[in-house]
Amino acid sequence: ITTTDPGPIKVCFSFLSGLQDYGWTYSHNMARLALEKEFAGAVVTTYTAYVPEVTFGANVNTGVSTMDTNTKACYDAHKKFADDGCHLIIGTSFGYMDAMLNLSLTYPSTTKWVHVSGYKTSPTLSTGFARMYQTRYLAGIVAGGQMSKETAPTCIAYVAAFSYIAEVVRQINAFTFGCRKAYSSCEVKVLFINTWHDDWIEQNAAHYAWDTMGCKYFTHHSDSLIPQRVYQQKGGKGIGFNVDVRANIGDSCLVSAMY
């Protein structure tokens, strides 16, 4: 990043949920704080939480007046960052992609954009993501290893956000490969909930996985700790995601695929 502005570089973050979700947003906020600490005086950061995603299928190129409420809110939040003089704008949810792409083509090249987990780019918009399939594979090995020790192991439920997003499907596959590496009869049952973060939906998905699907093991690609607590209370075993869930939940969590 190059700038002629006096003072520190301003880095702005957009978050889908609150800072204390103890999941995806929590991890990104820890990174934001680490950035400020590492480059104290040279970098300042700010953020906006609860930025909704562009509605699936919406066209942000048709103009603000035609946008639905969520799409416009997403567009406006990122536009405000650019208008406020942010040198680097980091959007941390998949559904921010089209709004950020559109805006990156509108603002000068001195404004840089990074979209976490997307695939569309422009001369000033790049993408970033961790190789989470690697940690998922290892987590699957841990789960399969534990299941192989049981005399009558059941299935493992995998509550996942969206069926049409590659990062979600990629991680399901990696986890399943890992589980079957350690235990060839490992059965992974996937339940898509069509949201990244909804406490009520995630909680009910966990109850359904235990009560109806009959799975005594659980993992998820969603942001709340609540489903892990459900399995803890029922006596099941969980595989965490995003953060060290074991530090919050305890021994019912075998391991976490940390972002």
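- Note: K189 NZ to T212 OG1 = 10.5 Å, rounded to the nearest 0.5 Å.
- Screening residues 219-235 for salt bridge (charged side-chain N to carboxylate O under 4.0 Å, His left out) gives D211-K234 as the qualifying pairs, with residues at least two apart or on separate chains.
- Within 6.0 Å of NZ on K72 lie no more than 12 heavy atoms contributed by other residues, nucleotides or ligands.
- Inter-residue side-chain proximity for N248 and Y22 is flagged as met; some heavy-atom pair is nearer than 4.5 Å.
- The disulfide (SG to SG under 2.5 Å) test applied to C215 returns C155, not counting sequence neighbours.
- Expressed to the nearest 0.5 Å, how far CD1 of I172 lies from OG of S163 amounts to 8.5 Å.
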Checklist entry - Checking side-chain contact (heavy atoms from CB on, under 4.5 Å) for the pair L103/Y75: CA distance, chi angles, key distance, verdict? => result CA-CA 8 Å; L103 289 163; Y75 183 91; 3.6 Å; yes
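- T48 and S14 form no side-chain donor-acceptor contact under 3.5 Å, judged by distance and modelled atom types alone.
- In terms of heavy atoms, D21 sits closest to S17 at OD2-OG, 3.0 Å.
- Evaluation of the side-chain hydrogen bond (donor to acceptor under 3.5 Å, both in side chains) test over residues 34-47, restricted to residues two or more places apart or in two chains, returns R32-T45, E36-T45.
- Between the side chain of N29 and the backbone N or O of L19, no donor-acceptor pair lies under 3.5 Å.
- The CD atom of E53 lies 10.0 Å from the CE atom of M97; values are rounded to the nearest 0.5 Å.
- Applying the ring pair (Phe, Tyr, Trp, His ring centres under 6.0 Å) criterion to H197, with sequence neighbours excluded, gives no partner residue.
- Residue pairs that meet the disulfide bond (SG atoms under 2.5 Å apart) test with at least one member in residues 165-213, sequence neighbours left out, are C179-C186.
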If you look only at distance, which donor and acceptor atoms sit under 3.5 Å apart when one is on a side chain in residues 119-129 and the other is two or more places apart or in another chain?
| residue | atom | partner | partner atom | Å |
| --- | --- | --- | --- | --- |
| K120 | NZ | D98 | OD1 | 2.7 |
| S122 | OG | S104 | OG | 2.8 |
| S122 | OG | T124 | N | 3.3 |
| S122 | OG | L125 | N | 3.1 |
| T124 | OG1 | S104 | O | 3.2 |

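- Judged as a salt bridge (charged side-chain N to carboxylate O under 4.0 Å, His left out), and not counting sequence neighbours, D68 has no contacts.
- The shortest distance between side-chain heavy atoms of L35 and V11 falls below 4.5 Å.
- Contact of the V230 side chain with the H207 side chain is registered, since non-hydrogen atoms from C-beta on lie closer than 4.5 Å.
- A chain of hydrophobic side-chain contacts below 4.5 Å, direct or via other Ile, Leu, Val, Met, Phe, Trp or Tyr residues, connects M132 to V114.
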Just distance, no hydrogens or angles: give the donor-acceptor pairs under 3.5 Å from side chains in residues 250-258, sequence neighbours left out.
| residue | atom | partner | partner atom | Å |
| --- | --- | --- | --- | --- |
| D251 | OD1 | R246 | NH2 | 3.0 |
| S256 | OG | V243 | O | 3.3 |
| S256 | OG | V245 | N | 3.0 |

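- The shortest non-hydrogen separation linking A161 to T195 is CB-O, 3.3 Å.
- Ring centers of F56 and Y164: under 6.0 Å apart, within the cut-off.
- For the side-chain contact (heavy atoms from CB on, under 4.5 Å) test with F175, the passing option among I156, L138, I141, T135 is I156; the others fail.
- A chain of hydrophobic side-chain contacts below 4.5 Å, direct or via other Ile, Leu, Val, Met, Phe, Trp or Tyr residues, connects F94 to V60.
- Between the side chain of E202 and the backbone N or O of Q228, no donor-acceptor pair lies under 3.5 Å.
- Pairs passing the disulfide bond (SG atoms under 2.5 Å apart) check and including a residue from residues 69-136, sequence neighbours excluded, read C12-C86.
- Annotation: the span from I9 atom CD1 to H87 atom NE2 amounts to 7.0 Å, rounded to 0.5 Å.
- Side-chain atoms of D199 and S224 form a donor-acceptor pair, as typed in the model, at a separation below 3.5 Å.
- In this structure, S93 and S117 approach most closely via the heavy-atom pair C-OG, 4.3 Å.
- No chain of hydrophobic side-chain contacts below 4.5 Å, direct or via other Ile, Leu, Val, Met, Phe, Trp or Tyr residues, connects I249 to V142.
- Here CZ of F177 is found 5.5 Å from CG of N173. Values are rounded to the nearest 0.5 Å.
- Without hydrogens or angle criteria, S148 side chain to G145 main chain gives a donor-acceptor distance under 3.5 Å.
- A donor-acceptor pair under 3.5 Å is absent between the side-chain atoms of S184 and the main chain of R180, judged by distance alone.
- For the ring-ring contact (aromatic ring centres under 6.0 Å, His included) condition, the pairs that include at least one residue of residues 208-254, sequence neighbours left out, are W196-H221, W210-Y231, F218-H220, F218-Y231, H221-F241.
- Residue pairs meeting the ring-ring contact (aromatic ring centres under 6.0 Å, His included) criterion with at least one partner in residues 95-116, sequence neighbours excluded, are H78-Y96.
- Connection of F39 to I90 is established within a shared hydrophobic cluster, with ILVMFWY side chains joined at heavy-atom distances below 4.5 Å, either directly or through further cluster members.
- Atoms CD and CG, on Q232 and L225 in that order, are 10.0 Å from each other to the nearest 0.5 Å.
- No path of Ile, Leu, Val, Met, Phe, Trp and Tyr side chains, each step under 4.5 Å between heavy atoms, connects V159 with Y259, placing them in separate hydrophobic clusters.
- For residues 151-160, the set of pairs meeting the side-chain hydrogen bond (donor to acceptor under 3.5 Å, both in side chains) definition, not counting sequence neighbours, comprises R136-Y158.
- Nearest heavy atoms, I239 versus A139: CG2-CB, 3.8 Å.
- When every heavy atom of A160 is checked against every heavy atom of V168, the shortest pair comes out as CB-CG1, 3.8 Å.
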